[in-house]
Structure formats: structure tokens, C-alpha cells
Amino acid sequence: MKKLIALGAVASVIAGAATAQEQTLNIYNWSDYIAEDTIAKFEAETGIKVVYDVYDSNEVLEAKMLTGNSGYDIVVPTSDFLQRQIAAGAYQKLDKSKLPNLANMDPDLMADAEVYDPGNEYAVIYMWGTTGLGYNVNAVAERLGEDYEVNSWELVFDPEISAKLADCGISMLDAPSEMIPAAMNYLGLDPRSTSKDDLEAGAALLETVRENVRYFHSSQYINDLANGDICVSVGWSGDVFQAMARAEEAENGVEIGYVIPDEGALQWFDMMAIPVDAPNPEAAHKFINFVMDAQITADITNYVWYANANKASMPLVDEEITSDPGIFPTDAASKGLWGSQVYDARTDRTVTRLWTRVKTGM
Ligand code: N2P
């Protein structure tokens, strides 16, 4: 008996040493979505080694979450996808006693996120933004005239206008649940509608401008806009601002603008969550709490140009960012924003089928 206890004690000491030395945290986040030093700082502070993978599509993340055994401890789905994945049992509830920095979060924005996650039980807002228009100021002016003001979705959805931009290159996100509603909204339909007719109408509009679109991709446009290889992108706010910053840094004379069109745009929240089968939920909580530190979140926003929901970080965010209506929309622009709408399985199949048709013409 005595011997057994002694052996057990030795075994647990060894196990304890092993976990302290070899703890890893597997993170799966969007590409171009974190400051350069965030991971290094977390590793230095906690001794936990981070393995960091990236994606640029909710569909890709969702396939992994619904299959299970992804091996990830932290993932960052967009609000509507989060809602569907919570319903499917993909996530574990947060242990809020391990997240004291929740006190830093903006209660109004967290309340907005409750639409998708009642009680904020499963997720915390990482960053948020809008899906609008990025454009090369000079290339567009050359083709549409110096007086043309970019403020409407007609830039991409009006076949005659987008035809004039086809030669300098239009890109669209490979994100069906964002692109089809944007087209529906332009047609005067409710972008949140799940009616088959409305979705068909949105897809049909996309098909009419398809020949003017160079590609559908959700991350390549950052560099392409910055280098002047394309001139218009339906893109995510911060990504377009990153393109702007890269062009400035390259001093290549490319000037990029981002606009939330007057007809309105999608506003989304990307949410940090812990998969139900995460290997290291303890470290996952540490990371979520670490990110909610005011300075850490401010550093991320200052690097990726996305708005965050951390009230305490705001004084630490560059004025250039907090005052930009493309990143923090004005109250007037906010009225025109719509929230992402979760699709039931049937609507999702319809949207997937329509999207294949839009992209391939079949
Ligand atoms: C970062 C893209 C995140 C926005 N590159 C997608 N919700």
C-alpha cells in the first residue's frame, strides 16, 4: 500500500513537470488578424507554447468544428456561424471565474453578441467589422471620372459600372452568406431574408456581374489591392485598411479607400470560443483572458485595423483608428448596418448551391 502511494506520488510529480514544460495551446484564427507580438507575449507570460494556424473562411472552420477532433483549443467563428455551431454542440461553456478581464468588455457590444450566444455563455468578441468596398482611388477615378463618389454598392453590382472596372480587377469575398445578402440588399430586399426567392434574386444579380469579377477569394485581395493588381474589392474593413497601410509602407503611390456604402452593409462579430473537445481548455481560458487585457487588445486593433469590443482598450487605440468612420462607423452609418443571420440547414444548402452557380456559372 505504502509503495503504491509513493509510486503514485512520483508519477504525478513527473506528470506535473511534463505539463509545465510541454503545455501547448492550439489556436485557429483568421489570417491577418493578430498583432506581430501577441503570441510571443502570451508565451513569455505563461510558458505555454502556441501553435497558430489560420483560415479565411467560416465554411472551412465550420467543417472542422462539426466533424470534431479538430485538436484546436481556441477558434474564432463569426457570430452567425457560432450560433449554429453552439446549437450543434461544438463548444464548451466558458468558465467566467477564469476570465476576470471580462470586466473590460463593452456591455453594449456584448449585449449585441447575445443575439447569437444568449448570456455570452460560450464566446467573447475578438474583433468586429463590416463588409464593404475597398477601392484604388486613382484607378477608379480614371475609369469613372474624377467627380465620381464611391458610396454605393453600384460600384460592383451595377453591370455597366462594374464592366468599366473589370480591366483593373474586381474581387469579391468567397463568402456566400455575406455576398448574396449584400446583393439582395442592393436590390431593395431584406438582406436577412431566408426566402428562397430572395436568395435566388441575390444570386442572379451576382451572376449578371460575374464576368466583371476577376476572382472570389477572402484574403488574397489585401496584397493585390496594396500592389495595384486589382482596383476594387468587396472586403472586410480591417483587411482593406491593412492594404492601405501596406501600400503606404511600400511608397508605391497606390491610394486605397474603404467605404461602408450608403445602402448599408453587414456588421459582424468574430467570437473566441473553446471547442467542446479542446485538449487544453485551461490554457484556452488563459489566452482569452490575456487577449481581453486592455493593452493587448489595443495592440491588436492598432495592428490589424479592426474595431474591438474592449472598452478599457479604447484610450490605448490610435486616434487615427478610433476616428475613422470606416472602422468605427458613425451613428448614422450604424443605422444602415445589418447583423449576420444564421441559416437553418435547408437555407444553408440553398445558399451553397447558389454560390456554386455564381462562381462557376453552372
Ligand atoms: C481577417 C478577416 C476577419 C474578418 N483577415 C472575417 N469575419
Side-chain angles (χ1 to χ4, degrees), residues 27-36 38-39 52-65 72 74-85 109 112-113 115-117 123-134 171-182 191-192 215-226 230 233-247 256 258 260 265-273 291 297 299-310 321 324 326-329 337-343 351 355:
I27 301 178
Y28 196 37
N29 194 2
W30 295 85
S31 49
D32 301 291
Y33 217 28
I34 196 158
E36 277 176 312
T38 313
I39 296 302
Y52 192 83
D53 292 341
V54 297
Y55 54 88
D56 68 1
S57 146
N58 269 308
E59 285 76 10
V60 169
L61 169 62
E62 179 155 283
K64 288 198 164 63
M65 287 306 106
Y72 291 115
I74 299 260
V75 295
V76 192
T78 303
S79 29
D80 48 332
F81 283 80
L82 169 83
Q83 183 180 355
R84 186 163 58 200
Q85 290 156 21
L109 290 166
D112 288 346
V115 171
Y116 309 97
D117 171 22
V124 172
I125 300 172
Y126 178 70
M127 295 282 141
W128 63 270
T130 51
T131 303
L133 295 171
S171 80
M172 289 186 177
L173 294 169
D174 189 4
S177 65
E178 302 193 29
M179 291 306 310
I180 294 174
R192 295 167 54 87
Y215 62 73
F216 294 87
H217 195 278
S218 301
S219 50
Q220 191 188 329
Y221 67 99
I222 306 180
N223 274 332
D224 286 353
L225 270 180
I230 56 172
S233 291
V234 177
W236 292 312
S237 43
D239 287 6
V240 174
F241 282 89
Q242 288 180 56
M244 214 179 283
R246 286 181 203 179
I256 305 291
Y258 176 77
I260 297 172
L266 171 71
Q267 177 187 28
W268 42 260
F269 298 100
D270 288 336
M271 313 286 301
M272 287 186 281
V291 167
T297 282
D299 289 349
I300 298 173
T301 288
N302 287 335
Y303 191 78
V304 301
W305 302 78
Y306 278 101
N308 68 61
N310 189 305
I321 292 180
D324 198 303
I327 303 171
F328 288 94
L337 301 178
W338 66 84
S340 40
Q341 169 69 39
V342 69
Y343 291 149
V351 168
W355 191 241

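Both ligands and their constituent atoms are indexed starting at 1 by order of listing. As the structure is a computational prediction, the values presented were derived from the model and not from experiment.
Below 3.5 Å of separation, one finds an N or O of Asp239 facing an N or O of ligand 1. When only interatomic distances are considered, the shortest N/O to N/O separation between Tyr33 and ligand 1 does not fall below 3.5 Å. In terms of N/O distances under 3.5 Å, ligand 1 is not approached by Trp236.
Here the two rings, on Tyr55 and Trp30, have centers that are under 6.0 Å apart.
When each of Ser218, Ser219, Ser31 is checked for a side-chain hydrogen bond (donor to acceptor under 3.5 Å, both in side chains) with Asp56, only Ser219 meets the rule.
At a threshold of 4.0 Å, the pair Asp53-Lys64 does not count as salt-bridged, since none of the basic side-chain nitrogens sits closer than that to a carboxylate oxygen.
In summary, the atoms of ligand 1 found under 4.0 Å from a heavy atom of Thr78, numbered by their order in the structure, are 7 (N). Atoms of ligand 1 found under 4.0 Å from any heavy atom of Ser31 (numbered from 1 in listed order, with element): 1 (C), 5 (N).
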- For Trp236 and Tyr221, run side chain to side chain contact (heavy atoms under 4.5 Å, CB included): C-alpha distance rounded to whole Å, both residues' side-chain angles, the deciding distance at 0.1 Å, then the answer. CA-CA 10 Å; Trp236 292 312; Tyr221 67 99; 3.7 Å; yes
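The shortest contact between atom 6 (C) of ligand 1 and any protein heavy atom is with Asp270 OD2, 3.5 Å.
In this structure, CD1 in Ile230 is found 3.5 Å from OH in Tyr215, a value given to the nearest 0.5 Å.
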